[in-house]
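Contents: one structure, followed by commentary.
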Amino acid sequence: MTNHELAELLKKVSAAYQILGENRFRIIAYDKAADSIEHLTTDIKDYWIAGTLGEIEGVGKTIAEHIDEILKTGKNRHWESVFAKVPEAVFPLLFVPGIGPKKAYALVTILRLENEKSAVTDLEKAAKAGKIEPLDGFGKRSQDVILEAISAFKKGQIKENRMPLPYADVVAIEVMEYVAKAGGCEKIDVLGSLRRKVATIGDIDIAVATNDPDKIIERFISFPHQKIIEKGPSGATLLLANGKQVDMRVQTPKAYGAMLQYFTGSKQHNIALREYALTKGLSLSEHGIKDLKTGKVRVFATEEQFYHHLGLDYVVPELREGRDEITMAKKHSLPTLIEKGQILGDLHIHSSYDLHSSHDVGVSSVKEILETADILGYEYVGFSDHNPSVSNLSSSVITQIMKKRKKYYEQQYYSYTTGVRKGKKATSLFVMCEVDIKPDGSLALPEDAFEFVDAVVVSLHSAFTQPRKQVTDRIIKALTSHAKVRIFGHPTGRLLGSREGVDADWKEVFVVAKEKNIALEINSFPERLDLPDGLVAVAKEMGVKFCIDTDAHDKAHMNLMPYGVSVARRGGLSDDDVVNTYPYTKFAQWLYNKK
DNA sequence: GCCGTTTTCGGCCCGACTGTTTTCAGTCG
């Protein structure tokens with residue numbers, strides 16, 4: 001059972017309790033536990049095995065026992081007895097936007113929907129036949145809304161449809177530039193998961209500080225769209241032609257801080273913050289901070305003022321995930337996060353040099369890449385082309401290819417340095433290689449060929465579905481197989497939206513990385529963003545180092561570095577944790593594995 | 001059902017919007 005499946009199950013219990021009129025705080029408790037488990041970065045089974053289910057926020061004695069039972073036996077007798085009291089056709093309807101437990105129950109009982117499997121289709125038929133309009137509490141409008149929601153639901157236009165962060169960035173910038181053109185925008189920012197730089201984005205949220213909200217909202221809804229989902233005095237929501245939803249919120253400049261804070265989230269952070277504020281007799285909202293004694297609301301132009309008023313240090317958006325950031329803000333112990341400008345090199349770049357690789361070669365020349373590195377202000381770069389294909393070539397041929405390649409890079413580097421202006425420092429070059437970790441954990445580069453590289457990045461490119469024990473052993477074997485293995489590339493191998501990462505025992509892997517002083521890569525490529533931020537935080541706690549790379553196959557990709565940096569920031573990393581913030585000498589020492 | 005920098009009892013995040021309602025319930029983020 002995955003975390004997501006368990007979370008869904010807990011939400012189902014909550015829905016059943018809502019229909020049964022159970023104590024509302026018990027319902028909230030189930031929702032909270034579901035939310036918390038959904039956002040865990042560790043597999044629920046790991047907590048179970050370790051006997052630490054109770055350490056999960058919102059999971060107490062009772063729910064922990066229920067989870068234990070379901071993981072042990074695949075069933076939970078208590079929950080099943082709860083579900084049995086509710087018509088089964090209710091549950092599939094909950095996935096239709098706008099239908100919650102109460103409406104679902106009303107529809108199912110009045111319309112006598114009985115079949116769980118066909119409930120959504122049956123409801124659609126009833127709506128088309130005009131059978132919903134006359135029902136108590138429903139009307140013509142709600143009938144139409146249900147029809148629209150079902151049709152969107154069937155098209156798969158439901159929240160699953162998340163986009164990688166960089167793509168959301170592009171859409172957001174387009175909308176913001178459009179809105180700003182109208183004039184009257186004092187400030188404009190992204191909000192929500194986009195501002196927190198989460199790896200995948202559902203809806204795009206935008207904030208505007210203005211003294212003329214009507215004008216801004218009118219301007220916003222004139223942006224090319226498929227549909228206006230919502231419109232009110234404080235904002236509006238559009239569905240764009242590409243199926244993405246964009247929310248815009250407006251606020252006066254003097255109260256902008258609270259609104260920015262409120263809609264940046266995360267939900268968990270805000271709930272924790274509001275609970276903390278209540279202990280101080282303060283109530284938070286997007287309008288400001290209300291003193292519960294006097295009833296007076298204070299407004300804040302900036303978020304910094306907002307946090308400071310609560311006696312907290314400012315929490316950057318990337319850390320607002322409801323982990324322990326509020327406690328740290330109280331104790332002034334928030335980390336100073338790494339910044340893009342501190343990155344001094346990119347060690348995972350593919351040039352157009354063809355070495356008979358089994359994977360993609362890059363499109364940019366060595367010279368172009370060195371020039372780009374110069375522009376980016378890097379002190380060093382590493383060329384990590386894929387290893388030559390091991391299925392077609394013998395070991396001795398591969399060794400010859402690698403030898404020739406090293407010479408090629410040296411020549412290219414020589415001609416590049418002679419072209420660099422006098423008095424200016426040339427970017428240094430490391431001849432590296434991205435080596436496949438074969439399914440058995442051996443490396444796809446013969447021993448003799450290691451002589452012709454400074455260091456290697458090892459990565460998984462196959463057999464992603466191996467069982468946990470096997471893939472864990474495989475990774476550890478690869479990390480310990482050669483002293484020149486220095487970076488573990490895109491560790492989980494996930495591709496956002498299309499492939500889950502491998503299911504390894506990450507803590508075991510991190511122990512080995514720490515021991516061997518191997519850096520975990522944070523790959524900046526939009527579909528990867530791998531290592532994921534949650535695991536970054538776990539590895540940092542264990543003292544492991546990181547290397548933020550772009551995996552560029554084109555010199556333009558070298559500009560993707562900020563996305564890797566945002567993953568690092570979400571994982572709580574400082575410059576010390578990241579080897580490619582080291583100046584050249586220190587970095588070279590690390591790369592050559594000198595103590 | 002959970003939880004504790006006033007608490008092991010007695011609280012539990014907050015507001016906007018929508019539709020169908022004359023004062024609110026449901027849903028959402």
Side-chain angles (χ1 to χ4, degrees), chain A residues 10-11 13-15 17-19 21-36 53-67 78-79 82 93-107 132-146 148-149 158-159 191-193 202-205 228-237 245 247-251 258-259 261-290 292 297 311-312 322 326-327 330-331:
Chain A
L10 291 166
K11 279 188 227 164
V13 177
S14 156
Y17 275 154
Q18 284 180 65
I19 290 164
E22 182 53 79
N23 173 301
R24 78 186 177 97
F25 294 109
R26 179 175 289 175
I27 293 163
I28 290 170
Y30 269 91
D31 280 332
K32 241 183 163 172
D35 218 43
S36 177
L53 285 173
E55 284 176 16
I56 300 170
E57 181 76 24
V59 175
K61 191 164 174 288
T62 309
I63 293 183
E65 280 171 10
H66 287 318
I67 294 174
H78 173 64
W79 292 345
V82 175
L93 298 190
L94 299 175
F95 291 99
V96 179
I99 299 186
K102 296 287 174 80
K103 281 190 188 172
Y105 182 69
L107 289 167
I132 292 178
E133 188 179 341
L135 303 180
D136 252 2
F138 294 86
K140 173 85 175 85
R141 178 77 190 130
S142 38
Q143 178 168 285
D144 293 345
V145 167
I146 286 173
E148 274 178 44
I158 305 303
K159 311 199 168 106
L191 295 165
S193 51
D203 299 344
I204 291 168
D205 301 295
I228 298 173
I229 294 178
E230 209 174 270
K231 180 178 173 253
S234 60
T237 304
Q245 200 165 306
D247 281 6
M248 194 192 65
R249 304 277 140 201
V250 293
Q251 183 56 279
M259 207 244 333
Q261 196 291 318
Y262 184 88
F263 286 105
T264 295
S266 66
K267 190 176 167 190
Q268 288 87 338
H269 174 80
N270 283 359
I271 289 174
L273 197 65
R274 278 172 239 153
E275 282 172 351
Y276 165 75
L278 276 183
T279 67
K280 305 194 126 200
L282 302 169
S283 170
L284 312 182
S285 77
E286 68 259 50
H287 305 298
I289 300 179
K290 182 158 84 179
L292 290 172
V297 177
L312 300 174
I326 291 171
T327 315
K330 204 169 12 176
K331 292 195 291 196

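Here is how names work: the chains are called A, B, and so on, in the same order as the sequence lines, proteins then strands, and each is numbered from 1. Not measured: the values here are computed from a predicted model.
Residue A/H287 has its side chain nearest to B/dA16 when only B/dG26, B/dA16, B/dG19 are considered. Checked against B/dC17, B/dG19, B/dT27, the side chain of A/E230 finds its nearest nucleotide in B/dC17. Comparing B/dG29, B/dT20, B/dG15 by their nearest atom to the side chain of A/Y262 picks out B/dG29. Minimum atom distance to the side chain of A/H66 is reached by B/dG1, of the listed B/dT20, B/dG1, B/dA16. You'll find that the side chain of A/K103 is closest to B/dT27, out of B/dT27, B/dT20, B/dC14. Here the side chain of A/E286 is nearest to one of B/dG15, B/dG1, B/dC14, namely B/dG15. Checked against B/dC2, B/dT27, B/dG15, the side chain of A/P101 finds its nearest nucleotide in B/dT27. The listed nucleotides are B/dG15, B/dC14, B/dT27; the one nearest the side chain of A/L278 is B/dC14. You'll find that the side chain of A/I63 is closest to B/dG1, out of B/dA16, B/dG19, B/dG1.
Shown here for A/P233 and A/V250, the closest heavy-atom pair between the two residues is O-CG2, 3.8 Å. Heavy atoms only, all atoms of each residue included: A/M259 and A/L191 are closest at O-CD2, 4.5 Å.
Stacking is not found between A/F25 and the pyrimidine-like six-membered ring of the B/dC2 base under the 5.5 Å centre-distance and 30° plane-angle cut-offs.
The phosphate of B/dC17 has OP1 or OP2 within less than 4.0 Å of a side-chain N or O from A/S234. At the phosphate of B/dC2, OP1 or OP2 sits under 4.0 Å from a side-chain N or O atom of A/T62. One finds no side-chain N or O of A/T279 lying less than 4.0 angstrom from the OP1 or OP2 phosphate oxygen of B/dG4.
B/dG15 sits 28 Å from B/dT8 when the P atoms are compared, rounded to a whole Å. Straight-line distance between the C1' atoms of B/dC12 and B/dT7: roughly 13 Å, to the nearest whole Å. The separation of B/dT20 from B/dG26, taken at their C1' atoms, amounts to 11 Å, rounded to a whole angstrom. Rounded to whole Å, the separation between the P atoms of B/dC2 and B/dT6 comes to 24 Å. One C1' atom belongs to B/dT27, the other to B/dT21, and the distance between them is 16 Å to the nearest Å.
The distance from atom CZ of A/F138 to atom C1' of B/dT21 is 14 Å, rounded to the nearest whole Å. As rounded to whole Å, 16 Å separates atom P of B/dC24 from atom NZ of A/K102. Atoms CD1 (A/I28) and P (B/dT27) sit 15 Å apart, rounded to a whole Å. Per the geometry, CD belonging to A/E22 stands 7 Å off P belonging to B/dG1, to the nearest Å. Atom-to-atom, CD of A/E133 to P of B/dT21 comes out at 11 Å; the value is rounded to the nearest Å. Atom pair A/D31:CG and B/dC2:P shows a separation of 13 Å (rounding to whole Å applied). The distance from atom CG of A/D247 to atom C1' of B/dT27 is 15 Å, rounded to the nearest whole Å. For A/R26 and B/dG10, the CZ to P distance is 18 Å, given to the nearest whole Å.
The pair A/E275-A/K280 does not meet the salt-bridge criterion, since no charged nitrogen lies less than 4.0 angstrom from a carboxylate oxygen.
Atom CZ of A/F138 has more than 12 heavy atoms from other residues, nucleotides or ligands within 6.0 Å. The local environment of CG in A/D136 is sparse, with at most 12 non-hydrogen atoms from other residues, nucleotides or ligands closer than 6.0 Å.
When heavy atoms are screened at a 4.0 angstrom cut-off, A/K140 is found touching the sugar-phosphate backbone but no base atom. As judged by a 4.0 angstrom heavy-atom cut-off over every strand, A/I27 is placed among residues making no nucleic acid contact. Across all strands, A/K61 comes closer than 4.0 Å only to sugar-phosphate atoms, never to a base (heavy-atom distances).
With DNA chain B read from its 5' end, the first of the two nearest nucleotides for A/I99 and A/I229 is the one closest to A/I229.
Within the shown strands, B/dT18 is the pairing partner of B/dA25 under the Watson-Crick or G-U definition, both distances less than 3.5 Å.
A donor-acceptor pair is defined here as one N or O able to donate and one able to accept, closer than 3.5 Å; no such pair exists between the side chain of A/Q18 and the backbone of A/P101.
Classified by interplanar angle (parallel below 30°, tilted 30° to 60°, perpendicular above 60°), the ring pair A/H78/A/Y17 is tilted.
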